[in-house]
Every structure is written in structure tokens, then in C-alpha cells.
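Order of the sequence lines fixes the chain letters, A, B, ..., with proteins taken first and strands second; residue numbering starts at 1 for each chain. In what follows, every heavy atom counts, from backbone to side chain, and hydrogens, waters and symmetry copies are set aside.
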Amino acid sequence: MVEVSDKLEEEEKELPPLPNLEKWSKIIMRLAPFPSGPLHIGNARMVILNDYYVKRYDGELILVFDDTIGSEEKVVEPDAYDLIPEGLDYLDVKCHRTIYKSDRLDLFYKYAVDLIERREAYVCDCDAEVWRTKHKLEMKACPCSFLSVEDNLARWERMLDGSYPERSAAVRLMTGMTDPDPAMRDHVILRISDAEHPRVGAKYRVWPLLEYSWGIDDHELGISHIIRGKDLVKEGKIEQHIWNIYGWPHSELMYYGRIRFQDAKLSKSKSRKEVLDGVYSGWDDPRTWSLQSLEKRGIHPDALRKAMLDLGLSVVDISMSMKPVYSENRKIRDEQSPRLFLVLDPVWLSISGLPTSVTEVEAPVHPDFPERGVRKIPLNVKKGAVSLGVSSTDFQRIDEGEVFRLKDLANFTMRKKKAPSALFYSLDVDDVRRISGPIIHWVPEKESIPIELVMIDGHEVEGVAEPSAKGLKQGTFLQFERVGFGKVFEDDPKIRVAFSHK
RNA sequence: GCCCCGGUAGUGUAGCCCGGCCCAGCAUCUAGGGUUUUCGACCCUAUGACCCGGGUUCGAAUCCCGGCCGGGGCACCA
């Protein structure tokens, strides 16, 4: 027994300590994604929770690609082997080891033989449907379970050597046919699949099921604590059954409920199809809700982390909004985000009557930090007249004759009757403040920069940004005043920005 | 049909194991105000919850029973 010091103290949100710490000399946990695509926001809870405790207890985190053969609906996507670590990197999660389930088949075979020899498992060649109705539901033992060890081992060999076609035989663990829970009755732990595996090809045709492979591996890898979704509680029970057979110490099992995001519909299979078909721009398309897509949008990993940790370890299924994540992201990012004017769907106003003294506007890079300087917006006024763009929604909102302010510039009277235009009214901000008139953002027609904004739903909208947007560099997180936050993900030939949130 | 699990403000969460400090804390959302030449950040204020019914107890969000509602499992998927 080693003293496991609890390093966390005055952290704002403290999760409960891990159970039975004293039983483990070291905290070892694991991340076990099935590599079917990049990690997405729905997987973030699993990752962050495990990482949180490993860091808190100075433990070890193992990345285990749970890449067994899967099923027709669940197939290994080779790109995922790179996309998953990429997502972990973004979340600042460090894995101390990386392991591939597909490298460990021999180990699972070894234990399969041992379990058969101990009469804890048997090879069943019943039809799955028959087995379910005649045996499982009626709680009647399967005739295969009475076969001798020798017969079972012979059957096992036939599974391996190809004599048994796919689905014609499987290894069942003798958990007991009289268990009140039908889910627990002699569950299949290994089965045949002739599918090709992206990493090991056709080397193996007998593959373990999740609950079995983990029953072995959680022990083999010395996993002390397991935090996983509650859809895996049955699997946990089967693991415990295996641990009991061998008298192994039980890893501590913890479950959390499922999260649904109100503003995000997650479907890895749909994403995969759309990415492959080119409908989505790639695995970082906002509609995939992949970790990559969140990074592209400039969602700070700490914002995600905080939101996930705030959920705690509740086992209740929840439906949460992205709002808390966005709120946290604004808090983190606001201070560092330069301001800029971007006008979507511009309406060009013919401005007239501008005093000759007004030739250029200076607006703060950040209103809370004047020392960061100003952005210069040249006007190119010709005889007191100039064309300035405002967003169409603002234009529609302001009535004929109403006084409004173009932020950092001056106050104007709206003229709509013939053509969109505005007449200079005054310079002083207070004039418009007194009447609570609108203060809106704008861009000059000359020298402004076209910008493409990729929205969260994948749609792209064209906009025009003020001249100082010229030379914006990829990776810059910024705020378009009154439009929202975003991150530049392309700067050549065109500036393209991923919209983050309001 | 069988087996688990759970129900605290709109949303999420703390408290429940070891009943009183909870006329229930926090975050987000919403509304209003302050600051600000942004619908951002920051500061302040307000509204808003213990699923229902019994029981135990001096005292229950916390313990017990029943009900209702919700989620998950019963795959040769993970």
C-alpha cells in the first residue's frame, strides 16, 4: 500500500475522491475508444474525467484502442488511429502508454482455453435466435454447456482453423442460466469474424467481445479505476465474474450517465459518410462536433474541460446545452481577442454631410485595454460623401429619420425613401446615448476585406470586414463586434473564419 | 416479459452514504441595473427547485414503504 496523496486542494470545483485509494499502489486508468472516427464532444466527458483523476493522483493513463473487429455497423476507421491522439492533444491529455487491442489476441486466446479447461466457458454452436428463445428466455441450459472439456477444446480449434463458418459457433462464459437478469445468462465472449482488420488483416478470425477482453486486460494492465458510461454496467458485471474466477482484485468501477447536447446532434456514422462523400469539409467540419472541429472554432480546451467537470460523476442521463461551454470560452478568450468590424449581408449607405475634418477613424483594438492601440479605418471621403456598409438587419431596424451612430465614427440620420443613405447629424456619442439610439458597426466600401464565415451548421456566409482585417493570420481568435467570436482558419488566398459563438 | 439505475429551479450540478449548520449552495439561462461608443467582458440585483403520497423522528431533500415518471440493459456492437 502506497500513500496516494491527493494533490488537489483549492480547485474551484472538486470532484469526490476516487474510492478505495488505499487498495492501489498506483492509480492507473485507461481511455478505451473504439477507433471509428475522431473523438467528438460526446466522448469528451470520458476523456476529461479519466484524465482529471490521473492528474489529480499522479497516476498513469493508458490509451487503449479498443479496435476489435466490431460489427457491420461498427467498423474501424483507420484514420481514427491518428485523429484520436490529435483530439487528446488538443485537450491537453497525456497518455503514458498506447496499446492496441488488436495486438493482444493471443492473450485472449490463452485465457479462452484456460476458461474452457476450467469449465467456465464453452463453445456453443447453437443458432443465436434459437439460443435466445429456447435457452436464455426459458433459463434452460444449452446442451453445448454439458460437453466435455475435450469436445469443447476441439470445437475451439475448429473456430480458429476455419471449420466453423462465421456465426456458427461462439464461446460462451458460464455466468449461469438462472441469473434473474437475462442479460447475464451465459454471455458470448468470443466469436468468429472473417472481416479484414485494418491493422492485423486476416491474421485472426476469432475476436473477443468488449466485456471479455476487458475482463482480462483491466487486470493485465493493472487498471485501478474505470470511469465509463453507464451503458456498460452489464459489461462491468461480466468482468467481475471473470475476476472472481481468477481471484483477481476488482478494478473500481464508476459510471456516468449519457449526455445529449441540445444544440448538437451527434452521429459518427453520419459524419463519416458525409466526410467521405465530401459533403462535410472534413473531420473538422463543425457538424461533426469532433474535437478537431472545436479546436478549429477556437473553443479553448479549458472551457470544455470545465463544463465536463462541472457535470461531476452523476449517473443520470442529461441533456445539456453548449451555452455553458461558450460562456466559459468567452471568459477565457475575451481578454485576448482583438476587435474588428465585420458586416454580413451589407447594405451600402450613401453618407453625406461629413465634416471635412473626418478622414479616418481610430477604434480600439480592445476596449478594455487602450494600451493595445487602435485600428485605423480610412474613409476616402469625396466632397463629404462616402459609401459605408451596415448589416441589413440593422438597416431594417432603423426607421426613416431615426438618429443612429456608426460606432467610433459619428451620428447620422437614416434616409431610406429613395436609396439607402444617411445624413451626418453630429459627432458626439452623447447625442445618441441621450436618446438611446442604436450604435452599430459598419465598414467602408473602399479597402474593406471580403471574409468568409463558416457557421456552426456548416453554412458559409460572406461578409465584409474593415480594412485592418488585411493580413489577419491563421489561428487568430477574434471578436467581430456585435456578430460574435471566431477563429481564422485560413488566410490565403481568402480570409476564412470559423464562427465560435456569439 | 425480465433485470438494473435514477428523479433538486428552464438547463446542469452541490447537499443525500453519517437526518438538524438547507426557509437548499453554485454555474448557465432569462429579466433588470451599473460600467462600456459591441448584442462581448466585468460588477450588482431579481425570478426560479427538493416527483407524489404515506411512515419513522422533536426534526427529512437526506432514512423506510408505496406510487408515478424517466433512462439503460436483455447483440456472435463498442
Side-chain angles (χ1 to χ4, degrees), chain A residues 12-14 16 32-36 66-76 101 124 126-129 131-132 136-137 139 159 166-172 179-185 187-193 206-211 213-214 228-235 237 255 257-259 262 268 306-307 309-328 330-335 337 339-341 363-364 366-369 394 405-411 428-430 432-433 438-441 479-485 501-502:
Chain A
E12 66 283 334
K13 167 82 175 181
E14 184 168 347
F34 180 73
S36 59
D66 213 347
D67 61 345
T68 53
I69 201 68
S71 63
E72 263 178 60
E73 312 86 69
K74 226 164 205 149
V75 294
V76 173
K101 224 32 163 319
C124 173
C126 298
D127 176 81
E129 182 56 24
W131 200 89
R132 196 180 72 82
K136 173 151 71 180
L137 293 183
M139 299 165 79
M159 282 179 73
E166 239 179 75
R167 298 187 72 86
S168 65
V171 180
R172 290 184 184 278
D179 194 302
D181 181 356
M184 290 302 291
R185 294 173 199 154
H187 209 272
V188 168
I189 55 172
L190 293 124
R191 55 18 147 120
I192 299 166
S193 172
V206 174
W207 289 88
L209 259 43
L210 178 149
E211 46 274 58
S213 68
W214 278 113
R228 51 159 72 139
K230 73 166 185 191
D231 48 315
L232 260 27
V233 304
K234 175 206 73 189
E235 285 69 18
K237 279 159 83 180
Y255 302 97
R258 311 259 308 180
I259 321 181
Q262 290 148 11
K268 224 172 230 178
K306 179 167 190 307
L309 256 19
D310 271 345
L311 303 181
L313 271 164
S314 162
V315 71
V316 194
D317 291 340
I318 56 171
S319 168
M320 80 170 268
S321 158
M322 282 299 288
K323 296 241 178 86
V325 177
Y326 297 156
S327 168
E328 191 57 31
R330 273 190 294 264
K331 285 178 195 167
I332 296 172
R333 299 282 200 190
D334 185 86
E335 194 175 296
S337 305
R339 266 55 175 177
L340 229 52
F341 286 155
H366 190 118
D368 303 335
F369 302 93
D394 282 332
R405 181 174 183 81
L406 294 182
K407 189 167 180 289
D408 301 309
L409 205 194
N411 310 319
D428 195 347
V429 207
D430 292 334
V432 74
R433 273 183 175 163
I439 297 173
I440 64 173
H441 56 106
Q479 188 207 41
F480 291 125
E481 293 196 36
R482 304 207 315 137
V483 173
F485 293 86
H501 45 72
K502 257 283 184 195

Q: Let me have a per-nucleotide readout for nucleotides 30-35 of chain B, 5' to 3', with B, S or -, counting only protein heavy atoms under 4.0 Å.
A: ------

**Q.** Any residue meeting side chain to side chain contact (heavy atoms under 4.5 Å, CB included) with Lys74(A), in chain and number order, not counting sequence neighbours
**A.** Phe34(A), Ser71(A)

Q. Say you pick atom P in U8(B) and the same atom in C44(B); how far apart are they, in whole Å?
A. 29 Å

Q: Please report, rounded to the nearest Å, how far the P atom of A14(B) is from the CG atom of Asp310(A).
A: 10 Å

Q. Residues two or more places apart in sequence or in another chain: which of them pass salt bridge (Lys or Arg N to Asp or Glu O under 4.0 Å) with Glu235(A)?
A. none

Q. Leu190(A) has an atom CG; how far is it from atom C1' of C76(B), in whole Å?
A. 10 Å

(Q) Checking contacts here: which listed nucleotide (G7(B), C76(B), C74(B)) is nearest the side-chain heavy atoms of Val316(A)? (A) G7(B)

Q: Check salt bridge (Lys or Arg N to Asp or Glu O under 4.0 Å) between Lys136(A) and all other residues, then give those that pass, not counting sequence neighbours.
A: none

Q. Excluding sequence neighbours, so at least two apart, what forms salt bridge (Lys or Arg N to Asp or Glu O under 4.0 Å) with Arg333(A)?
A. none

(Q) Applying a 4.0 Å non-hydrogen cut-off, can you work out what Arg433(A) is touching in the nucleic acid: base, sugar-phosphate, or nothing? (A) sugar-phosphate

Q) Picking from U37(B), U13(B), C77(B), which would you name as closest to the side chain of Ser314(A)? A) U13(B)

With 3.5 Å as the limit, what N/O pairs link the protein to nucleotides 67-69 of chain B?
none

Q. Is the shortest side-chain N to carboxylate O distance from Lys101(A) to Asp66(A) below 4.0 Å?
A. yes

Q) Taking only residues two or more places apart in sequence or in another chain, which ones pass side chain to side chain contact (heavy atoms under 4.5 Å, CB included) with Lys237(A)? A) Asp181(A), Met184(A), Gln240(A)

Q: Write down the distance separating the P atoms in C29(B) and C43(B), rounded off to the nearest Å.
A: 13 Å

Q. Among all residues two or more places apart in sequence or in another chain, which pass the side chain to side chain contact (heavy atoms under 4.5 Å, CB included) test with Pro364(A)?
A. Asp408(A)

Q: Represent RNA chain B in dot-bracket notation, 5' to 3'. Only Watson-Crick or G-U wobble pairs with both distances under 3.5 Å count; pseudoknot-style crossings use [ ] and interstrand partners use |.
A: (((((((..((((......[....)))).(((((.......)))))....(((((..]....))))))))))))....

Q: Determine the contact category for Leu209(A): base if any of its heavy atoms lies under 4.0 Å from a base atom, sugar-phosphate if only primed atoms, P, OP1 or OP2 are that close, otherwise nothing.
A: sugar-phosphate

**Q.** side chain to side chain contact (heavy atoms under 4.5 Å, CB included) partner of Lys502(A), the single match among Arg330(A), Lys323(A), Arg482(A)
**A.** Arg330(A)

(Q) What's the gap between C51(B) and A14(B) when it is taken at their P atoms, as a whole Å value? (A) 15 Å

Q.
Without decimals, in angstroms, what is the distance between Leu210(A) CG and C76(B) C1'?
A. 14 Å

Q: Under the ring pair (Phe, Tyr, Trp, His ring centres under 6.0 Å) rule, collect the residues that match up with Phe480(A), sequence neighbours excluded.
A: none

Q.
So, using side chain to side chain contact (heavy atoms under 4.5 Å, CB included) as the criterion, who are the partners of Asp127(A) when residues are at least two apart?
A. Glu129(A), Val130(A)

Q.
Among C3(B), C76(B), G7(B), which nucleotide has an atom closest to any side-chain atom of Asp181(A)?
A. C3(B)

Q: Round to a whole Å and report the spacing from CG of Asp231(A) to C1' of C5(B).
A: 13 Å

Grab the N/O contacts between the protein and nucleotides 39-44 of chain B below 3.5 Å, and write none if there aren't any.
{"unit_1": "C39(B)", "atom_1": "N4", "unit_2": "Arg482(A)", "atom_2": "NE", "d": "3.4"}
{"unit_1": "C39(B)", "atom_1": "N4", "unit_2": "Arg482(A)", "atom_2": "NH1", "d": "2.2"}
{"unit_1": "C39(B)", "atom_1": "N4", "unit_2": "Arg482(A)", "atom_2": "NH2", "d": "2.9"}
{"unit_1": "G40(B)", "atom_1": "O4'", "unit_2": "Gln479(A)", "atom_2": "NE2", "d": "3.2"}
{"unit_1": "G40(B)", "atom_1": "O3'", "unit_2": "Arg330(A)", "atom_2": "NE", "d": "3.4"}
{"unit_1": "G40(B)", "atom_1": "O2'", "unit_2": "Asp334(A)", "atom_2": "OD1", "d": "2.9"}
{"unit_1": "G40(B)", "atom_1": "N2", "unit_2": "Asp334(A)", "atom_2": "OD2", "d": "3.3"}
{"unit_1": "G40(B)", "atom_1": "N2", "unit_2": "Asp368(A)", "atom_2": "OD2", "d": "2.6"}
{"unit_1": "G40(B)", "atom_1": "N3", "unit_2": "Arg339(A)", "atom_2": "NH2", "d": "3.2"}
{"unit_1": "A41(B)", "atom_1": "OP1", "unit_2": "Arg330(A)", "atom_2": "NE", "d": "2.8"}
{"unit_1": "A41(B)", "atom_1": "O4'", "unit_2": "Asp334(A)", "atom_2": "OD1", "d": "3.2"}
{"unit_1": "A41(B)", "atom_1": "O4'", "unit_2": "Asp334(A)", "atom_2": "OD2", "d": "3.2"}

(Q) From the set C2(B), G12(B), A78(B), return the single nucleotide nearest to any side-chain atom of Ser319(A). (A) G12(B)

Q) For Lys268(A) and C77(B), what is the distance between atoms NZ and C1' respectively, to the nearest whole Å? A) 13 Å

